[in-house]
Amino acid sequence: MLADWDSVQPVAAANRSASEFLRTYCLSSLVLAADFRFKPVIGQSYYLYATATGWNLSLIAPDEWRNSRADQLLGTCRLQADMTWRVEMAELD
């Protein structure tokens with residue numbers, strides 16, 4: 001773990017307004033509350049779905065599923081260098 005410390009250590013956060021900080025905190029909390037079983041990589045896109053049992057963060061984009069999927073896409077998520085999540089919300093039907 002100590003060997004990987006430098007690669008996972010968050011960078012200094014930029015000065016943010018209170019509302020921007022709160023928005024980032026809430027979105028990051030939403031993503032981290034989702035079920036996922038992989039180690040996120042900074043800059044990689046992931047997909048947040050609403051399922052019957054909660055939220056699921058997936059490596060698989062909506063158009064990459066072999067079978068149609070009943071889960072609702074909530075948005076595309078990307079882990080930032082400061083270890084917060086950027087979420088681009090999907091248009092809901």
Side-chain angles (χ1 to χ4, degrees):
M1 180 175 169
L2 292 176
D4 293 331
W5 180 252
D6 287 334
S7 66
V8 298
Q9 205 171 13
V11 296
N15 290 335
R16 297 181 186 163
S17 68
S19 61
E20 186 179 347
F21 176 82
L22 184 59
R23 181 180 189 280
T24 301
Y25 175 80
C26 290
L27 288 174
S28 294
S29 295
L30 173 73
V31 173
L32 292 173
D35 182 35
F36 59 96
R37 290 174 172 62
F38 55 87
K39 181 180 177 182
V41 175
I42 294 171
Q44 177 70 38
S45 291
Y46 303 101
Y47 306 92
L48 186 64
Y49 295 96
T51 67
T53 58
W55 296 295
N56 181 267
L57 189 64
S58 176
L59 299 164
I60 304 171
D63 60 346
E64 296 175 335
W65 290 101
R66 278 186 7 181
N67 300 324
S68 66
R69 200 173 151 113
D71 300 339
Q72 175 71 47
L73 176 68
L74 298 177
T76 302
C77 307
R78 194 175 291 238
L79 183 61
Q80 303 296 302
D82 65 359
M83 304 309 282
T84 60
W85 286 88
R86 182 176 186 199
V87 180
E88 295 174 23
M89 301 305 289
E91 297 216 13
L92 300 177
D93 297 331

So SG of Cys77 and CZ of Phe36: to nearest 0.5 Å the spacing works out to 10.0 Å
If you compare all heavy atoms of Trp55 against all heavy atoms of Ala50, which two are closest, and at what distance to 0.1 Å?
CD1-CA, 4.3 Å
Measure from the side-chain N and O atoms of Arg78 to the backbone N and O of Ser45, and report whether any donor-acceptor pair falls under 3.5 Å.
no
Common cluster, Ile42/Val87, ILVMFWY with side-chain heavy-atom separation under 4.5 Å
yes
For Tyr47 and Leu73, the nearest pair of non-hydrogen atoms, with its separation, is CB-CD1, 4.0 Å
Side-chain heavy atoms under 4.5 angstrom apart, residues restricted to Ile, Leu, Val, Met, Phe, Trp, Tyr: same cluster for Leu59 and Leu57?
yes
Separation between CG of Leu32 and CE of Met83, rounded to the nearest 0.5 Å:
9.0 Å
What one should report as the nearest heavy-atom pair of Leu30 and Leu48 is CD2-CD2, 3.9 Å
Side chain proximity check, Thr76 to Arg86, heavy atoms < 4.5 angstrom
no
If we ignore angles and hydrogens, is there a donor and acceptor under 3.5 Å between the side chains of Ser58 and Asn56?
no
I'd like to know if Met89 and Leu22 are part of one continuous hydrophobic network [Ile/Leu/Val/Met/Phe/Trp/Tyr, side-chain heavy atoms within less than 4.5 Å].
no
Any sub-3.5 Å donor-acceptor pair from Ser28's side-chain atoms to Trp85's backbone N or O?
yes
Answer yes if the ring centres of Tyr46 and Phe38 are under 6.0 angstrom apart, and no otherwise.
yes
